[in-house]
Amino acid sequence: MSDDAKYTHGHHESVLRSHQRRTAEDSAAYLLPHLSPGLSVLDIGCGPGTITVDLAARVAPGPVMAVDQSSGVLEIARDEARRRELSNVAFAVADVHALEFPDNAFDIVHAHQVLQHVVDPVWALREMKRVCRPGGLVAARDADYAGFIWFPQIPALNTWLDLYDRAARANGGEPDAGRRLLSWAQAAGFDDVTPTGSVWCYATPATRAWWGGMWADRILHSDLARQLADSGLATRGQLEEISAAWRAWAAAPDGWLSVPHGEILCRA
């Protein structure tokens with residue numbers, strides 16, 4: 001991402017706990033039918049690399065370049081590739097607004113939960129298109145925070161969503177990116193776009209415990225928590241109330257939450 005953008009979540013352990021759970025199956029299923037051995041892939045905003053290595057396993061021996069704005073998180077991604085014994089993955093720090101790759105360099109250019117955080121998602125998509133070979137695919141998937149649905153209704157969670165929205169926008173992002181992906185792709189010059197949508201759903205005791213516990217920690221300890229406190233948007237007491245609300249939601253036997261996502265497959 002550009003230096004003009006600030007990544008709202010940061011890389012606290014509670015954030016990585018969320019990102020390291022992601023797989024290609026639950027986060028890039030719309031793209032998987034288009035992967036085959038020998039294709040080259042650029043994975044933008046790869047984070048800790050769990051999706052990256054799944055993609056790399058599918059296109060091996062094709063090369064995969066994984067990039068992120070954080071050199072620290074790239075070390076975690078390298079460890080993940082070593083753990084999976086994958087030798088076809090390389091890593092680099094990069095800005096999606098100014099990718100340091102030649103034109104037509106990759107068969108697949110992929111970004112998961114990236115465009116919601118950048119200052120100019122249309123420009124980012126133009127860059128993704130530039131480095132994708134003619135006939136290749138640019139793929140993006142982003143959540144849409146305004147579409148989050150949960151039960152039971154706990155007032156402090158409404159406060160959480162409002163605070164997240166305000167923080168993300170203050171950082172130059174668009175938290176409701178999912179519904180905008182098609183529009184951004186069209187503005188970036190794509191005329192062959194397949195839009196789809198999918199959801200994450202957390203309603204079992206195990207998935208509620210994971211999601212609720214993760215956010216109970218994130219709202220107290222991540223970069224988001226510091227931003228909310230330092231900017232005066234929330235007091236420590238309010239953040240503790242939200243943390244307790246996430247734990248209460250997780251403990252509810254009828255607790256349910258869905259996270260909607262927009263997806264686009266753009267033919268370059």
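Throughout, numbering of the chain's residues begins at 1 and tracks the sequence.
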A.B. asks: Under a 3.5 Å distance rule, please check whether D223 uses its side chain to pair with a backbone N or O of H9 as donor and acceptor.
C.D. replies: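 No; judged by distance alone, with no hydrogens or angles, the pair does not exist.
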A.B. asks: Quick check: do S258 and F148 have side-chain heavy atoms less than 4.5 Å from each other?
C.D. replies: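 In short, these two side chains do not touch, never coming nearer than 4.5 Å.
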A.B. asks: Can you hop from L86 to V64 via hydrophobic side chains spaced under 4.5 Å?
C.D. replies: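 Yes: a chain of side-chain contacts under 4.5 Å links L86 to V64.
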A.B. asks: Does any non-hydrogen side-chain atom of V96 lie less than 4.5 Å from one of V118?
C.D. replies: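 SC-SC contact between V118 and V96 confirmed.
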A.B. asks: As an exercise, state the distance from CD1 of I264 to OG1 of T196, rounded to the nearest 0.5 Å.
C.D. replies: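 Rounded to the nearest 0.5 Å, the CD1-OG1 separation comes out at 9.5 Å.
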A.B. asks: Take F91 and V67 through the side-chain contact (heavy atoms from CB on, under 4.5 Å) test and state the conclusion after the steps.
C.D. replies: CA-CA 6 Å; F91 300 90; V67 301; over 6 Å; no
A.B. asks: Any donor and acceptor pair, going by atom type alone, linking the side chain of S231 with main-chain N or O of Q227 inside 3.5 Å?
C.D. replies: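 Between the backbone of Q227 and the side chain of S231 there is a qualifying donor-acceptor contact (under 3.5 Å).
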A.B. asks: Look up atom CG in L31 and atom CZ in R141, then write down how far apart they are to the nearest 0.5 Å.
C.D. replies: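 If we round to the nearest 0.5 Å, L31:CG and R141:CZ are 11.5 Å apart.
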A.B. asks: Above 12 or not: heavy atoms from other molecules or residues under 6.0 Å from CD of Q153?
C.D. replies: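 Atom CD in Q153 is packed in, count exceeds 12.
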A.B. asks: Could you check whether any side-chain N or O of R130 sits under 3.5 Å from a backbone N or O of F101, counting only pairs where one atom can act as donor and the other as acceptor?
C.D. replies: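 Between the backbone of F101 and the side chain of R130 there is a qualifying donor-acceptor contact (under 3.5 Å).
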A.B. asks: Where do E25 and R58 land on the salt bridge (Lys or Arg N to Asp or Glu O under 4.0 Å) test, with the steps shown first?
C.D. replies: CA-CA 12 Å; E25 287 81 2; R58 284 167 170 79; 2.4 Å; yes
A.B. asks: Give a yes or no answer on whether the side chain of W249 reaches the backbone of F151 with a donor-acceptor pair at less than 3.5 Å.
C.D. replies: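 Yes, W249 side chain to F151 backbone: donor-acceptor pair under 3.5 Å.
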A.B. asks: Kindly indicate whether the side chain of L163, heavy atoms from C-beta on, has any atom under 4.5 Å from the side chain of L224.
C.D. replies: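 A side-chain contact is absent here, since even the closest heavy-atom pair is not under 4.5 Å.
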A.B. asks: Do the rings of Y202 and W211 sit parallel, tilted or perpendicular, given the 30° and 60° boundaries?
C.D. replies: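 Answer is parallel, since the angle falls under 30°.
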A.B. asks: Can you measure from CG (L42) to CE (M65) and round to the nearest 0.5 angstrom?
C.D. replies: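 It comes to 8.0 Å.
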A.B. asks: I'd like to know whether the aromatic ring centres of W246 and W160 sit less than 6.0 Å apart in this structure.
C.D. replies: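 Yes, they do, as the ring centres are separated by less than 6.0 Å.
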A.B. asks: How close do E80 and P48 get, counting heavy atoms only, and between which atoms?
C.D. replies: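 Nearest heavy atoms, E80 then P48: CB-O, 3.8 Å.
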A.B. asks: A cation-pi test, strictly: NZ or CZ of R180 under 6.0 Å from the centre of the six-membered ring of W184 and no more than 45 degrees from its axis. Yes or no?
C.D. replies: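 Relative to the ring axis of W184, which defines the angle, R180 lies outside at least one limit.
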A.B. asks: Which heavy atom of V138 sits nearest a heavy atom of C132, and at what distance?
C.D. replies: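 Shortest heavy-atom separation between V138 and C132 comes out as CG2-CB, 4.0 Å.
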A.B. asks: Heavy-atom distance under 4.5 Å between the side chains of T204 and W210, does that happen here?
C.D. replies: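 When only atoms from C-beta onward are counted, W210 and T204 do not touch, as no gap falls below 4.5 Å.
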A.B. asks: I would like to know whether H261 and Y30 meet ring-ring contact (aromatic ring centres under 6.0 Å, His included); could you show each step before the answer?
C.D. replies: CA-CA 11 Å; H261 290 81; Y30 71 108; 9.9 Å; no
A.B. asks: Rounded to the nearest 0.5 Å, how far apart are CG of D144 and CZ of R179?
C.D. replies: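 Taking CG in D144 and CZ in R179, the distance rounds to 4.0 Å.
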A.B. asks: Would V122 end up clustered with L115 when hydrophobic side chains under 4.5 Å apart are linked, directly or stepwise?
C.D. replies: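 Linked, V122 and L115 end up in one cluster.
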A.B. asks: Inspect the contact between E240 and R247 and indicate whether a charged nitrogen and a carboxylate oxygen are less than 4.0 angstrom apart.
C.D. replies: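 Between E240 and R247 there is no salt bridge, as every charged N stays at least 4.0 Å from the carboxylate O atoms.
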A.B. asks: Whether D54 and R22 form a salt bridge (side-chain N of Lys/Arg under 4.0 Å from carboxylate O of Asp/Glu) is what I want to check.
C.D. replies: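 The answer is no: the pair does not qualify as a salt bridge.
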A.B. asks: Counting N and O atoms only, with roles assigned by atom type, does the side chain of D107 sit under 3.5 Å from a partner on the main chain of S40, one being a donor and the other an acceptor?
C.D. replies: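 Looks like yes, one N/O pair under 3.5 Å.
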A.B. asks: Do R133 and F106 pass the side-chain contact (heavy atoms from CB on, under 4.5 Å) test, and can you show the C-alpha distance, the side-chain angles, and the key distance before you say yes or no?
C.D. replies: CA-CA 6 Å; R133 68 164 178 80; F106 301 94; over 6 Å; no
A.B. asks: What heavy-atom pair brings C46 and D68 nearest, and what distance separates the two atoms?
C.D. replies: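 Distance-wise, the nearest heavy atoms are N-OD2, 3.4 Å.
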A.B. asks: For L99, does its backbone N or O pair with a side-chain atom of E127 as donor and acceptor, under 3.5 Å?
C.D. replies: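 The answer is yes, because a donor-acceptor pair under 3.5 Å joins these two groups.
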A.B. asks: Going through the checks in order, is the side-chain contact (heavy atoms from CB on, under 4.5 Å) test met by N171 and Y7?
C.D. replies: CA-CA 7 Å; N171 290 335; Y7 182 46; over 6 Å; no
A.B. asks: Which salt bridge (Lys or Arg N to Asp or Glu O under 4.0 Å) pairs, counting each pair once, include a residue from residues 186-196, with sequence neighbours left out?
C.D. replies: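 Applying salt bridge (Lys or Arg N to Asp or Glu O under 4.0 Å) to every pair that reaches into residues 186-196, excluding sequence neighbours, yields nothing.
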A.B. asks: Is there side-chain contact between D254 and P152, with at least one heavy-atom pair below 4.5 Å?
C.D. replies: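 Yes, close enough: below the 4.5 Å cut-off.
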A.B. asks: Counting only N and O atoms by type, is there a donor-acceptor contact under 3.5 Å from the side chain of D103 to the main-chain atoms of V131?
C.D. replies: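 Not at all, since once roles are kept as given, no pair shorter than 3.5 Å links the two residues.
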A.B. asks: Distance check, rounded to the nearest 0.5 Å: L161 atom CG versus Y145 atom OH?
C.D. replies: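 One gets 9.0 Å once the value is rounded to the nearest 0.5 Å.
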A.B. asks: Could you pull out the closest heavy-atom pair between A66 and L74, with the gap in Å?
C.D. replies: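 Scanning both residues completely, I find the closest heavy atoms to be O-CD2, 4.3 Å.
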A.B. asks: If you round to the nearest 0.5 Å, how far is OG of S27 from CG of L55?
C.D. replies: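 With rounding to 0.5 Å, CG (L55) is 10.0 Å from OG (S27).
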A.B. asks: Is V109 close to L137 at the side-chain level, that is, under 4.5 Å between some pair of heavy atoms?
C.D. replies: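 Of all side-chain heavy-atom pairs linking V109 with L137, none is under 4.5 Å.
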A.B. asks: So if you build clusters from Ile, Leu, Val, Met, Phe, Trp, Tyr with side-chain heavy-atom gaps below 4.5 Å, do Y164 and V259 land together?
C.D. replies: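 In one cluster with Y164: V259, yes.
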A.B. asks: Does any N or O in the side chain of D142 come within less than 3.5 Å of the main-chain N or O of L181, such that one atom is a donor and the other an acceptor?
C.D. replies: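 Absent.
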A.B. asks: Examine distances only and state if a side-chain atom of R82 and a backbone atom of A77 form a donor-acceptor pair shorter than 3.5 Å.
C.D. replies: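 The answer is no, because no donor-acceptor pair under 3.5 Å joins these two groups.
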A.B. asks: Please confirm whether the backbone N or O of A156 pairs with a side-chain atom of E241, one donor and one acceptor, at under 3.5 Å?
C.D. replies: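 No, E241 side chain to A156 backbone: no donor-acceptor pair under 3.5 Å.
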A.B. asks: Would you say that more than 12 heavy atoms from the other residues, nucleotides or ligands in this model lie under 6.0 Å from the CH2 of W123, or not?
C.D. replies: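 Not more than 12 within 6.0 Å, no.
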A.B. asks: Between R84 and V53, what is the shortest heavy-atom contact and its length?
C.D. replies: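 That closest heavy-atom pairing would be NH1-CG2, 3.3 Å.
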A.B. asks: Listed by chain and number, what are the side-chain hydrogen bond (donor to acceptor under 3.5 Å, both in side chains) partners of R169, not counting sequence neighbours?
C.D. replies: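 D165, E174, D176.
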A.B. asks: Determine, stepwise, if the pair H97 / D120 fulfils side-chain contact (heavy atoms from CB on, under 4.5 Å).
C.D. replies: CA-CA 8 Å; H97 294 98; D120 192 336; 3.9 Å; yes
A.B. asks: Could you state whether I51 and I76 fall into the same hydrophobic cluster, counting links through intermediate Ile, Leu, Val, Met, Phe, Trp or Tyr residues with side-chain heavy atoms under 4.5 angstrom apart?
C.D. replies: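 No, no single cluster joins them.
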A.B. asks: Show the nearest heavy-atom pair for residues H221 and R226, with the distance to one decimal.
C.D. replies: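 Reported closest heavy-atom pair: O-NH1, 3.3 Å.
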A.B. asks: Do L32 and V89 sit in one hydrophobic cluster, given that two such residues count as connected whenever their side-chain heavy atoms are within less than 4.5 Å of each other, even indirectly?
C.D. replies: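 L32 clusters together with V89.
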A.B. asks: Apply side chain to side chain donor-acceptor pair (under 3.5 Å) to T159 and Q238, showing your working.
C.D. replies: CA-CA 9 Å; T159 303; Q238 288 174 310; over 6 Å; no
